[in-house]
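Right, one structure below, let's go through it.
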Amino acid sequence: MDYFPLFTDIKQKECLVVGGGEIAFRKASALLRAGSNVTIVAPEICDNVQDLAENAACKIVQQKYQNSFLDNKILVIAATDIRSLNEQVFSDANDRNIPVNVVDNPDLCTFIFPAIVERGPMTIAVCSNGNAPVLGRLLRAKIESIIPFQYGRLAELAQKYRAKVKSAFSNTNQRRDFWESVFEGKVAEKVFDGEFEQAEEMLNQKLETDSFPQEQRGEVYLVGAGPGDPELLTFKALRLMQQADVVIYDRLVTPEILDLTRRDAHKIYVGKKSKYHCVPQKDINSLLLEYAEKGHRVLRLKGGDPFIFGRGGEEAEELVKRQIPFQVVPGITSAAGASTYSGIPLTHRDYSHSVTFVTGHLKNDTCDLNWKALAQPGQTLVIYMGLAGLATISTQLVNHGLPDSTPVALVQNATRGNQKVVIGNLSNIEKVAKENEVVSPALIFVGEVINLYGTLKQTNQSRQMSDAHGNLALERKSA
Ligand code: SAH
């Protein structure tokens with residue numbers, strides 16, 4: 001972050017605008033809207049600037065700029081097209097430690113203006129740190145289009161009822177729940193419809209019903225976070241991630257995804273603490289119950305999909321037993337992410353008519369699978385948690401009938417910036433994995449579809465876009 005975002009109160013404070021053209025007019029108008037006293041100095045002024053003279057807070061001085069104009073000023077904007085004058089204003093303001101902005105001249109700015117979306121008391125500021133103002137403006141246009149125009153009225157309503165709601169709920173969690181259901185429910189709909197009186201009536205009714213003391217009930221969200229790329233989250237996952245006040249996550253959840261949970265949420269890591277020690281599942285279950293029973297909204301955030309080798313089923317069983325309300329949100333399983341991001345389809349009419357997801361790590365710590373079924377031709381196998389058993393897996397598949405030339409792909413860190421794909425076949429994959437230092441998390445793909453690897457990359461745009469952003473996927477091919 002090159003600039004620190006800050007909203008500052010300039011009401012009745014003295015600001016200076018140097019320049020008398022259209023840009024000076026726009027900047028001066030913005031300062032006046034925020035309630036400041038503005039002095040505009042320029043030997044020549046345009047009609048719009050002249051019109052500002054009607055505003056009592058605006059003083060126009062038709063003179064050349066001089067240093068003394070900076071006396072008592074708390075902020076300076078230079079909007080002239082004379083480079084030497086802009087530099088002079090910048091250096092004079094700097095000498096006096098007055099924040100200064102020379103329009104369209106990032107080198108001569110100690111502060112910059114963000115692009116702004118205003119919705120009543122709500123202000124959203126977008127800033128590209130002076131590097132790409134056009135991109136900032138485009139983003140602003142997008143935000144403008146998705147935030148209902150009446151959003152500000154909602155903030156006004158919140159302002160009006162803030163004290164009343166505070167005294168109705170002593171518990172901060174309940175208070176937050178109340179406001180969230182106002183902002184996301186029927187009251188908000190009425191406001192957006194322009195039915196303000198009805199909205200207020202509904203809010204009052206809701207306040208009466210909701211503030212009756214009731215038993216605190218928590219809730220658990222079992223949410224699939226996908227394989228790693230945050231853009232693969234579902235809207236629902238994101239919404240619940242931003243609601244939960246306790247987050248229980250494991251090692252497959254990337255920091256970028258964790259960053260999207262609420263900042264003030266209590267975050268508990270239950271992944272591997274050392275090379276061998278995971279937090280036992282029963283302890284994770286206890287944590288879920290403990291926090292939910294205290295009335296919290298608990299997010300159990302899991303890599304991939306919660307119900308695919310994620311033990312989400314076991315957690316849900318415990319919640320059912322204790323009658324704790326819960327929701328399960330699917331996530332993109334790593335096999336789907338690895339498949340699309342590496343350009344290896346899971347099925348293809350020419351090569352594979354079915355796909356099997358199987359775990360290489362059984363409950364009894366063995367890798368004792370139904371090899372006969374897995375070794376059928378014309379299908380794709382995706383083996384989760386199989387890296388440690390790679391030698392056994394490839395030997396058994398060959399022993400049960402698959403040719404040892406059957407292609408195998410290992411996809412490590414699928415969908416992440418550091419995704420790595422390693423290609424081999426059943427006879428050499430163990431060696432190839434070692435040579436290429438493949439480590440967990442990785443999936444094993446087995447089947448003829450792997451022959452398509454490399455041919456579908458042109459259409460795999462999302463991966464290419466990440467690559468273009470510098471997160472170069474390290475993809476090695478090894479025969
Ligand atoms: N619920 C998860 C799977 C959890 S089991 C899902 O639906 O994807 C853990 C195994 O998943 C890992 O050992 C690895 O085989 C696989 N895995 C999870 N995320 C991965 C990723 N980003 N890249 C490759 N493999 C991944």
Side-chain angles (χ1 to χ4, degrees), residues 221-234 237 248-258 269-272 275-276 278-279 281 284 299-316 328-344 346 355-363 365-367 369 374 380-390 392-394 408-423 429 433 436-446 450 453 460 462-463 466 471 473-476:
Y221 314 130
L222 300 176
V223 174
D229 180 349
E231 286 198 68
L232 296 179
L233 284 169
T234 60
I248 299 179
Y249 67 102
D250 51 45
R251 94 201 136 86
L252 289 173
V253 175
T254 55
E256 294 87 335
I257 288 181
L258 198 62
Y269 176 67
V270 292
K272 271 191 186 174
K275 199 170 169 207
Y276 302 106
C278 296
V279 175
Q281 186 63 43
I284 299 177
L299 173 76
R300 172 69 176 112
L301 196 57
K302 294 166 163 295
D305 180 273
F307 278 4
I308 297 183
F309 307 125
R311 304 187 75 172
E314 292 162 55
E315 290 167 7
V328 187
V329 181
I332 291 190
T333 189
S334 49
S339 152
T340 52
Y341 277 50
S342 63
I344 303 173
L346 291 173
V355 53
T356 303
F357 293 172
V358 61
T359 170
H361 183 199
L362 299 183
K363 207 170 171 180
D365 269 344
T366 67
C367 181
L369 300 166
L374 298 178
T380 308
L381 295 182
V382 182
I383 302 156
Y384 290 67
M385 294 175 275
L387 212 50
L390 188 58
T392 315
I393 291 166
S394 39
V408 180
L410 303 177
V411 187
Q412 176 188 316
N413 287 322
T415 79
R416 304 178 187 172
N418 54 352
Q419 171 174 298
K420 170 156 129 182
V421 182
V422 168
I423 306 286
I429 193 64
N436 288 281
E437 295 168 358
V438 178
V439 291
S440 185
L443 289 162
I444 307 171
F445 283 36
V446 182
I450 292 156
Y453 175 67
N460 196 346
S462 44
R463 183 76 257 140
S466 311
N471 301 323
L474 211 163
E475 301 195 335
R476 295 181 206 161

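Everything numeric here is computed off the predicted structure, so don't read it as measured data. Ligands are counted one by one from 1 in listed order, and the atoms in each one are counted from 1 as well.
Protein heavy atom closest to atom 4 (C) of ligand 1, with residue, atom name and distance, is Phe309 O, 3.3 Å. Protein heavy atom in closest approach to atom 23 (N) of ligand 1: Ala414 N, 2.8 Å. With respect to atom 1 (N) of ligand 1, the closest heavy atom belonging to the protein is Ile308 O, 2.7 Å. Counting only heavy atoms of the protein, atom 14 (C) of ligand 1 lies nearest to Ala442 O, 3.4 Å. Among protein heavy atoms, atom 7 (O) of ligand 1 sits closest to Thr333 OG1, 2.7 Å. The protein non-hydrogen atom at the shortest distance from atom 11 (O) of ligand 1 is Tyr384 CD2, 3.5 Å. Looking at atom 22 (N) of ligand 1, its nearest protein heavy atom turns out to be Pro227 O, 2.9 Å.
Thr415 does not count as a contact of ligand 1, since none of its heavy atoms falls under 4.0 Å from the ligand. Under the 4.0 angstrom criterion for non-hydrogen atoms, Gly303 is in contact with ligand 1. Heavy-atom distances between Gly228 and ligand 1 stay at or above 4.0 Å for every pair. In this structure, Gln419 has no heavy atom closer than 4.0 Å to ligand 1.
The Asp305 neighbourhood of ligand 1 comprises atoms 1 (N), 6 (C), 7 (O), with distances under 4.0 Å to a heavy atom of that residue. Interface atoms of ligand 1 facing Arg416, defined by a heavy-atom separation under 4.0 Å, are 22 (N). Atom numbering of ligand 1 starts at 1 in the shown order; those under 4.0 Å from a heavy atom of Asn413 are 22 (N), 23 (N), 24 (C).
Residues Ser342 and Val421 approach most closely at CB-CG2, 3.7 Å, considering heavy atoms. Ile344 and Ala409 get closest at one heavy-atom pair: CD1-CB, 3.8 Å. Of all heavy-atom pairs spanning Ile423 and Ile450, the tightest one is CD1-CG2, 3.9 Å. Scanning all heavy atoms of the two residues, the minimum distance from Leu443 to Ala338 falls at CD1-CB, 3.7 Å. Here the shortest heavy-atom pairing between Gly224 and Ala237 reads O-CB, 4.2 Å. Shown here for Glu314 and Gln281, the closest heavy-atom pair between the two residues is OE1-CG, 3.8 Å.
For atom 18 (C) of ligand 1, the nearest non-hydrogen atom from the set Ser334, Ala388, Ala338 belongs to Ser334.
When atom types are taken as modelled, the side chain of Asp305 and the backbone of Gly331 share a donor-acceptor pair closer than 3.5 angstrom. A donor-acceptor distance shorter than 3.5 angstrom exists from the side chain of Arg416 to the backbone of Pro227, with no hydrogens or angles considered. Here the side chain of Asp229 pairs a donor or acceptor atom with the backbone of Glu231 at under 3.5 angstrom. The closest donor-acceptor contact from the side chain of Gln412 to the backbone of Ala442 lies at 3.5 Å or more, if one exists at all.
Between Met385 and the choices Thr359, Val358, Ile444, the side chain to side chain contact (heavy atoms under 4.5 Å, CB included) rule is met once, by Thr359.
Residue Met385 has at least one N or O atom closer than 3.5 Å to an N or O atom of ligand 1.
Contact annotation for Leu252 and ligand 1: only side-chain heavy atoms (C-beta onward) come within less than 4.0 Å of the ligand. Contact annotation: for Val411 versus ligand 1, heavy atoms closer than 4.0 Å belong to the backbone alone.
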